[in-house]
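Structure, as structure tokens:
Every chain is numbered from 1 and lettered A, B, ... according to where its sequence line falls, protein lines coming before strand lines.
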Amino acid sequence: MPTPIESLQEAAIAALKSQYNIEVSPAELPFQDTRREFEGDFTLVVFPLTKYKLGSPEQIGQKLGEGMQIQMPDIERFNVVKGFLNLRLSDAWWLAYLGSAQQDPTLFRNTAGEGHTVVVEYCSPNTNKPLHLGHLRNIVLGYSLSQILESNGYKVIQACLFNDRGTNISKSMHAWLKAGTGDTPESTGTKGDKLVGEYYVRFGKDQKQEIAALVAEGKTEEQAEQLAPSSLAIQDLTIRWENGDADVRSLWKTMNGWVYAAMEQTFRRLGAHFDRYYFESDIYLSGKETVQEGLEKGIFYQKEDGSVWVDLSPDGLDHKLLLRRDGTSVYITQDLALADEKYRDYQMGRSIHVVGNEQEYHFKVLFLIMQKLGKPFASGLFHLSYGMVELPTGKMKTREGTVVDADDLMDLMISSAREETLKLGKTEGMSETELEELYARLGIGALKYYLVKVDPKKRILFDPQESIDLHGHTAPFIQSSYTRTASILRKAEAEGLTPQVSPGLKPEDELLESERSLLRMLMHFRDVLADAAQTYNPSLVANYAYELAKEYNRFYHEAPVIRSAHPATSAFRLGLSTLCGKALRESLRLLGITVPERM
RNA sequence: GCCGCCGUAGUUCAAUGGAUAGAAUAGGAGUUUCCUAAACUUUAGAUGCAGGUUCGAUUCCUGCCGGGGGCACCA
């Protein structure tokens, strides 16, 4: 079935053929929505057609409009303003559209991705400290993108890589051993990731003191850093870990276990879930095999000291180290292996890494190397690079204690939702469990929306004051718009009204502008969905949901649904409300946000 | 130094090269015997600077100014 835009383009092509005898492609006929201040539903910008020397834009618009009306009688009337041809479709056409949309099981789905597999890797935390605000943005983006791809027909694997080894985790282990208290999450009543994080911070403080003392003795900053007892201790721990020292491995397993359990809790609260976990400790060694492969293919080269490099200067980049002279791997080495691993597991056509923009260079290098190695998946690699989350006071820094903790922030948002809900007092009759669920929906929803409504490429300035606001451009605004549709449907059902609109049923009144506008927006759902997938941009869905909610509220205030004078109008508005509700719920679902039926 | 990113109302965000640059928030004025006022209506307020391409530039190109980021045998 052709989309309305396609029908219009077809009509325009036929009209141009018969009026001017010229052949144009649909691409030359960019229809867009008519702006509110003009009359019409769809607008064609005529200017590009002036290249055919057919006359002034106004003349072309006029003649084209006339020709299109002949081709498509549903064009009720049209007007030409400067070079813009505004077309208005008949009420009957829009009613028929609503009728068909109600029957359409794929109203909110696309099929472009069918038969293709995509791996989306996101979150990917270190196991030495808890999740923070930056991770939240990452998770919301990754989760949402996964849903969006799935709704476009792709088979999606959500993956999370735990950076679970190396100097960072050694730091926490060392501080824990040094404290000698044998603290556990159970003994201290502290969430596992928080406990490990505390030791990580403690390590930093101790090391800093040691360095200061050494500097006071006359050492340089650099020497002091190397000579500090803490520094030596973590080197030792890391080496013992790599050699499989039973004690170190056992402690490592225990502490990481605390962290996994704790993060799982946080994921659950966020509604995030992964199909597959990867662990750096499992794969870091096999990166060396890929390095070997590159050497054999002559793509990498080895220096006299034994270190391995790749020369990317022909591609405008630098020489990049892949293996240290002592044969140990660097950061990028494990990623070489992980890419192969994912392909072995899923044979994906596309592999997306949701990682902050500070690592753009890293991924540029990684993808280029994959290309040079001739990996079958190389062309499908993509770095979804997003901007950092900053505080009004600047960047978040663990060492300076300015990090906004993920769990704390969720708690704050939920209590803010509770406060606001109680203030409004509209939840009479809800059980304690239902209320808690509602507060979580609203609070977590507001948080997620705050993070996903901004274009991923842009940095986010996190203002705590603004973020807990539940009015305006927020999830609760959209959620409350949904509850309006739900409330109307409940009442309608109680009164025996049905939202089913038979296409032939014509309301007595003319369609309102807000009704046309809503129908047009429903029609665009799939366009937005496709666009969001193609550009890896969930914020498009977020903004769509907001615009739709706003338009629905406008309609709600000016048009009575149940109390409408005419039954036919009531039925139509009920059908429209039902679909708007579904569209709101579905677009929020794509963002990882759920809706309540009452609030 | 080199490489990339970003500069839009007081503030936070929008705008496939298209009409008079949209919202939210903060400020001014209103709306509730009416399906949930977390709402609606209304008012005021912005494209860093200078050029260029174009019928048309917030968008593309060049230079300048301003702000992050990256360029480790760190991860």
Side-chain angles (χ1 to χ4, degrees), chain A residues 30 32 34-38 43 45-48 50-51 56-57 81-84 86 126 163 166-168 280 303 305-309 316-318 320-326 328-332 334 356-362 364-365 385 387-388 390 392 394-395 417 420-421 423-424 426 442 446 450 453-455 457-463 465-467 469-481 483-492 495 527 531 535 539-540 543 546-547 549-550 552-564 570 573-574 577 598-599:
Chain A
Q32 49 195 250
T34 303
R35 296 181 57 145
R36 197 176 291 285
E37 58 265 40
F38 301 96
T43 295
V45 183
V46 184
F47 291 104
T50 55
K51 69 177 176 194
S56 72
V81 181
K82 294 192 211 164
F84 298 88
N86 302 315
N126 296 338
N163 295 295
T167 50
N168 280 333
E280 187 190 348
K303 283 191 181 173
D305 64 5
S307 58
V308 179
W309 297 73
L317 303 178
D318 257 325
K320 178 82 187 170
L321 176 83
L322 300 175
L323 215 54
R324 294 194 188 96
R325 66 168 166 261
D326 61 5
T328 58
S329 43
V330 289
Y331 181 58
I332 199 166
Q334 64 154 328
N357 62 11
E358 57 194 354
Q359 295 201 34
E360 269 170 19
Y361 183 79
H362 170 78
K364 219 179 259 178
V365 169
S385 165
M388 298 286 100
E390 287 171 28
K395 243 187 127 175
E420 182 70 16
T421 305
K423 201 168 82 191
L424 295 174
K426 293 190 285 194
L442 297 174
Y450 183 87
K453 72 177 176 184
V454 181
D455 186 326
K457 290 197 293 287
K458 298 198 175 175
R459 75 189 177 105
I460 286 185
L461 194 77
F462 183 83
D463 183 342
Q465 287 300 319
E466 191 201 329
S467 70
D469 191 359
L470 309 178
H471 302 261
H473 191 181
T474 64
F477 171 85
I478 304 168
Q479 288 165 318
S480 96
S481 306
T483 61
R484 287 184 152 167
T485 69
S487 171
I488 285 178
L489 291 177
R490 277 195 304 271
K491 287 226 157 69
E495 295 183 21
D527 302 335
D531 205 11
T535 58
S539 79
L540 298 178
N543 285 307
Y546 173 66
E547 293 298 332
K550 225 152 67 91
Y552 187 77
N553 282 329
R554 196 172 286 147
F555 160 77
Y556 180 88
H557 275 272
E558 71 174 327
V561 175
I562 294 168
R563 299 198 179 130
S564 164
S570 237
R573 288 182 179 163
L574 211 46
S577 293
R598 288 178 56 197
M599 63 186 274

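- Between A/Asn86 atom CG and B/A19 atom C1' there is a gap of 9 Å when expressed in whole angstrom units.
- Minimum atom distance to the side chain of A/Glu420 is reached by B/A38, of the listed B/G18, B/A38, B/G69.
- Of the candidate nucleotides B/U20, B/G69, B/A75, B/A75 has the atom nearest to the side chain of A/Arg324.
- You'll find that the side chain of A/Ser487 is closest to B/C35, out of B/C13, B/C35, B/C73.
- The nucleotide whose nearest atom lies closest to any side-chain atom of A/Thr167 is, among B/A37, B/A75, B/G18, B/A75.
- Nucleotide B/G56 holds its P atom 13 Å from the NZ atom of A/Lys82, rounded to whole Å.
- Among the nucleotides B/C40, B/G18, B/U36, the one closest to the side chain of A/Arg598 is B/U36.
- Between B/C6 and B/G45, the distance separating the two C1' atoms is 24 Å to the nearest Å.
- By the 30° and 60° cut-offs, the orientation of the rings of A/Tyr450 relative to A/Phe462 is perpendicular.
- Relative to the side chain of A/Pro476, the nucleotides B/C6, B/A38, B/G4 differ in distance, and B/A38 lies closest.
- Distances from the side chain of A/Lys550 to the nucleotides B/U16, B/C40, B/A19 place B/C40 closest.
- In summary, A/Lys395 and A/Glu390 do not engage in a salt bridge, as defined by a charged side-chain N under 4.0 Å from a carboxylate O.
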